[in-house]
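For reference, the structure is listed below as structure tokens.
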Amino acid sequence: MLEITPNLDDKSRKPLYIQLSDYFKKEITDGNIKSKEKLPPKRMLASYLGLSINTIQAAFDQLCAEGYVESKPRKGLYVKAIEDKIFSKQTDAPKFVENVVKEKKQVKIDFNSGKVDLEHFPYNVWRKLTTESLYTDRSKLFNMGDPQGERCLREVITNYLYESRGVRCTADQIVIGAGTQLLIGFLCVLFGREHTYALENPGFHRTRVVLKDQGVKIRSISLDEDGISVNQLEASDATIVYVTPSHQFPCGMVMPISRRLELLKWAEERAAFIIEDDYDGEFRYKGKPIPSLQGLDTNGTVIYLGTFSKSLIPSLRISYLVLPTTLMKKYQQKLTIYKQTVSRLHQETLFHFMDQGHWQRHLNKMRTLYRKKQFALLEAIKKYLGDQVKVIGEKSGLHILIKVQNGMSEAELIAKAEEMNVKVYPTSIYYEHPNPTNTPEILLGYGGLQQTEIEEGIRLLKEGWNL
């Protein structure tokens with residue numbers, strides 16, 4: 001008989017037959033019991049282990065049900081032939097997960113551009129407003145809402161956008177959705193797949209992925225010091241362009257008014273549309289904010305895209321489109337079939353948060369806080385990295401780029417940072433075709449770090465990069 005030594009515990013909450021079947025599964029996957037090998041007869045095994053025949057039968061039935069063994073009439077149970085590669089992946093998986101968790105624990109400082117400062121989020125206010133939204137007289141929130149989102153929220157967003165970004169619209173033009181990528185997908189459905197989309201290069205890679213998944217044609221347009229090249233755009237066959245003019249992602253330049261007017265002229269002459277992604281327009285540190293493209297548009301060619309991920313909390317997943325009136329009829333015909341994708345409860349809470357003035361107070365506080373964090377970052381770079389790096393895109397937003405001139409590649413810089421328990425991020429992923437011979441640029445987000453962590457992180461980078 002096979003050498004069978006299961007460690008069974010009759011005091012365990014797990015039934016004995018499950019313990020026994022788990023033992024056999026592990027022996028099979030570890031290769032200790034080979035494919036096509038016969039298992040012991042149930043009576044012999046019951047006598048050997050001191051278990052009832054019913055327990056043994058139940059364990060064998062479980063193994064058969066899961067496909068580990070098969071019953072051959074008048075012969076017994078045999079281990080099924082299963083690919084060794086499958087077993088190796090299964091047995092290696094726990095170790096892989098363990099290693100990943102271990103690596104994550106080792107990261108001391110994470111310059112992630114997607115993180116925000118959660119320590120200063122007004123938890124008590126948010127909790128109170130959420131609770132109020134659950135009162136009995138608000139039970140209507142438990143039913144399906146307007147496909148465009150809660151009207152009360154759309155109205156306060158309308159007022160906020162006009163006062164802060166110069167966006168001119170009504171609540172009827174706003175569509176609320178769960179994140180930028182989802183809304184970009186909605187626009188592809190709205191326009192159809194016959195259009196060609198132009199994207200900034202480098203640009204937001206998640207938008208590029210959505211467009212590729214939607215099967216539309218994409219044209220990558222280079223940048224200059226003012227943002228997307230209108231000359232290249234004019235030479236392309238694009239009829240829709242996606243831009244981040246208030247803080248180009250990832251390079252950080254702010255598109256000047258002259259380039260914005262050129263872009264609007266292109267859209268007017270081409271009968272094209274501009275998708276303006278104002279993903280972190282609330283945070284500008286030098287000069288006065290330039291009006292949004294949408295606010296300058298007089299021909300209904302700009303679709304404005306905003307989000308609360310940077311200014312509030314990322315997990316809220318509340319973003320919004322402002323559609324020009326020229327597209328509203330088409331929206332009503334094609335997209336109202338889609339149900340609202342954002343929790344009505346969260347929308348209601350956010351409405352009260354904005355309507356009662358908490359939003360503006362929070363924004364003012366966070367602007368001051370992030371300005372201090374960015375100053376700490378720039379000072380630390382000057383102190384520790386000096387003229388070995390060049391800072392790019394520091395006028396606004398929650399991240400900067402640094403061009404590192406020490407002879408290391410992007411991958412080497414990231415690896416050396418990890419050795420120092422610091423996580424930094426590549427910019428090559430934002431290019432359609434990255435050029436490995438260029439001086440590498442590393443992305444540093446600082447929103448989720450404390451000022452002491454920022455300085456410590458830069459000091460560790462100096463050590464890891466031998467600067």
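For clarity, every value in this text was computed on a predicted model and none was experimentally measured.
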Sidechain-backbone polar pair: Asn406 side chain, Trp465 backbone, donor-acceptor under 3.5 Å: yes
Residue pairs, two or more places apart or on separate chains, that pass side-chain hydrogen bond (donor to acceptor under 3.5 Å, both in side chains) and touch residues 325-343: Gln148-Gln332
Heavy-atom closest pair, residues Thr349 and Ser133: OG1-OG, 3.7 Å
After noting the C-alpha distance and the side-chain angles of Ile184 and Asp277, does the key distance pass the side-chain contact (heavy atoms from CB on, under 4.5 Å) rule? CA-CA 10 Å; Ile184 293 292; Asp277 189 349; over 6 Å; no
Do NZ/NE/NH1/NH2 and the carboxylate oxygens of Arg151 and Asp146 come within less than 4.0 Å? no
Between Asp297 and Val302, is there a donor-acceptor pair closer than 3.5 Å when you use the side chain of the first and the backbone of the second? yes
How many angstroms lie between atom CG of Leu369 and atom NE2 of His362, to the nearest 0.5 angstrom? 9.5 Å
Counting only N and O atoms by type, is there a donor-acceptor contact under 3.5 Å from the side chain of Arg154 to the main-chain atoms of Ile176? no
Min side-chain heavy-atom separation Met255-Ile228 under 4.5 Å: yes
side-chain hydrogen bond (donor to acceptor under 3.5 Å, both in side chains): which pairs involve residues 306-321, sequence neighbours left out? Thr307-Ser309, Thr307-Ser319
Under a plain distance cut-off of 3.5 Å, with no hydrogens placed, do Asp117 and Tyr446 share a side-chain donor-acceptor pair? no
For the residue pair Leu190 and Leu327, what are the closest heavy atoms and their distance? CD2-CD1, 4.3 Å
Which heavy-atom pair separates Pro440 from Met408 by the least distance, and what is that distance? CG-O, 3.3 Å
More than 12 heavy atoms of other residues, nucleotides or ligands under 6.0 Å from OH of Tyr162: is that the case? no
Separation between CG (Leu153) and NE2 (His346), nearest 0.5 Å, reads 12.5 Å
Could you tell me which non-hydrogen atom of Val342 sits nearest to which non-hydrogen atom of Gln347, and how far apart they are? O-NE2, 3.0 Å
Are His205 and Arg208 close enough, and set up right, to give a side-chain hydrogen bond (donor to acceptor under 3.5 Å, both in side chains), and what steps lead you there? CA-CA 5 Å; His205 63 312; Arg208 184 184 294 114; over 6 Å; no
Evaluate Val189 against Leu335 for side-chain contact (heavy atoms from CB on, under 4.5 Å), listing each step before the verdict. CA-CA 8 Å; Val189 175; Leu335 288 182; 3.8 Å; yes
Report the residue from Tyr430, Tyr279, Phe249, Tyr242 that forms a ring-ring contact (aromatic ring centres under 6.0 Å, His included) with Phe204. Phe249
Using a strict threshold of under 4.0 Å (side-chain N to carboxylate O), is an ion pair present between Lys128 and Glu132? yes
Does Lys265 form a salt bridge (Lys or Arg N to Asp or Glu O under 4.0 Å) with Glu262? I'd like the steps, not just the answer. CA-CA 5 Å; Lys265 183 181 178 183; Glu262 289 177 21; over 6 Å; no
Locate the shortest heavy-atom distance separating Gly185 from Val210; write the atom from each residue and the value. N-CG1, 3.8 Å
Quick one: CD1 on Ile218 to CG on Asn201, what's the gap to the nearest 0.5 Å? 11.0 Å
With Tyr160, the ring-ring contact (aromatic ring centres under 6.0 Å, His included) member among Phe308, Phe353, Trp359: Trp359
Is the side chain of Lys462 donor-acceptor paired with the backbone N or O of Leu467 at a distance under 3.5 Å, no angle test? yes
Hey, are the side chains of Leu182 and Phe186 touching, using non-hydrogen atoms and a 4.5 Å cut-off? yes
Say whether Arg361 and Asn364, considering side chains only, have a donor N or O and an acceptor N or O under 3.5 Å apart. no
Atom CG in Asn421, atom CD1 in Ile109: separation rounded to 0.5 Å? 9.0 Å
Heavy-atom check, side chain of Thr301 versus side chain of Pro324, under 4.5 Å: no
Test Phe273 against every option in Phe191, Tyr304, Tyr197, Trp266 by the ring-ring contact (aromatic ring centres under 6.0 Å, His included) rule and name the one that passes. Phe191
Looking only at atom types and distance, does a side-chain atom of Gln294 sit under 3.5 Å from a main-chain N or O of Arg168, one as donor and one as acceptor? yes
In the structure I gave you, are the side-chain heavy atoms of Leu316 and Trp126 within less than 4.5 Å of one another anywhere? yes
If you count heavy atoms of other groups shown closer than 6.0 angstrom to CD1 of Ile337, is the number above 12? no
Lys115 side chain to Asp110 main-chain N or O, any donor-acceptor pair under 3.5 Å? no
When rounded to the nearest 0.5 Å, the distance separating CD1 of Ile454 from CZ of Phe375 is 12.0 Å
Closer than 3.5 angstrom, by distance alone: can the side chain of Asn112 be matched with the main-chain N or O of Gly114 as a donor-acceptor pair? yes
Going by heavy atoms in the side chains, are Arg259 and Asp224 under 4.5 Å from each other? yes
Just do the side-chain contact (heavy atoms from CB on, under 4.5 Å) check on Val241 and Ile221 with the steps written out, would you? CA-CA 9 Å; Val241 61; Ile221 309 297; 5.8 Å; no
In terms of side-chain geometry, is the basic nitrogen of Arg344 or Glu348 positioned less than 4.0 Å from the acidic oxygen of its partner? no
Where is the tightest heavy-atom contact between Ile400 and Gln374, given as atom of each residue plus distance? CG2-NE2, 4.4 Å
Are there over 12 heavy-atom neighbours, none belonging to Lys373, within less than 6.0 Å of that residue's NZ? yes
After noting the C-alpha distance and the side-chain angles of Ser220 and His433, does the key distance pass the side-chain contact (heavy atoms from CB on, under 4.5 Å) rule? CA-CA 10 Å; Ser220 294; His433 302 295; over 6 Å; no
Indicate yes or no for a side-chain donor-acceptor contact from Arg270 to the backbone of Glu234 under 3.5 Å, with no hydrogens or angles considered. yes
Check: Ile458 and Leu444 side chains under 4.5 Å, non-hydrogen atoms: yes
If I take atom OG1 from residue Thr427 and atom CG from residue Leu401, how far apart are they, to the nearest 0.5 angstrom? 6.0 Å
Under the criterion side-chain hydrogen bond (donor to acceptor under 3.5 Å, both in side chains), I'd like the reasoning laid out for Glu463 against Tyr384: C-alpha separation, chi angles, the key distance, then a yes or no. CA-CA 9 Å; Glu463 185 178 340; Tyr384 294 108; over 6 Å; no
Check whether any side-chain heavy atom of Glu410 sits under 4.5 Å from a side-chain heavy atom of Ile442, and report yes or no. yes
Do any N or O atoms from the side chain of Gln173 and from the backbone of Leu323 form a donor-acceptor pair under 3.5 angstrom? yes
Close side-chain approach of Leu129 to Phe351, heavy-atom, < 4.5 Å: no
For the side chain of Thr439 and the backbone of Gln405, is there at least one donor-acceptor N/O pair under 3.5 Å apart? no
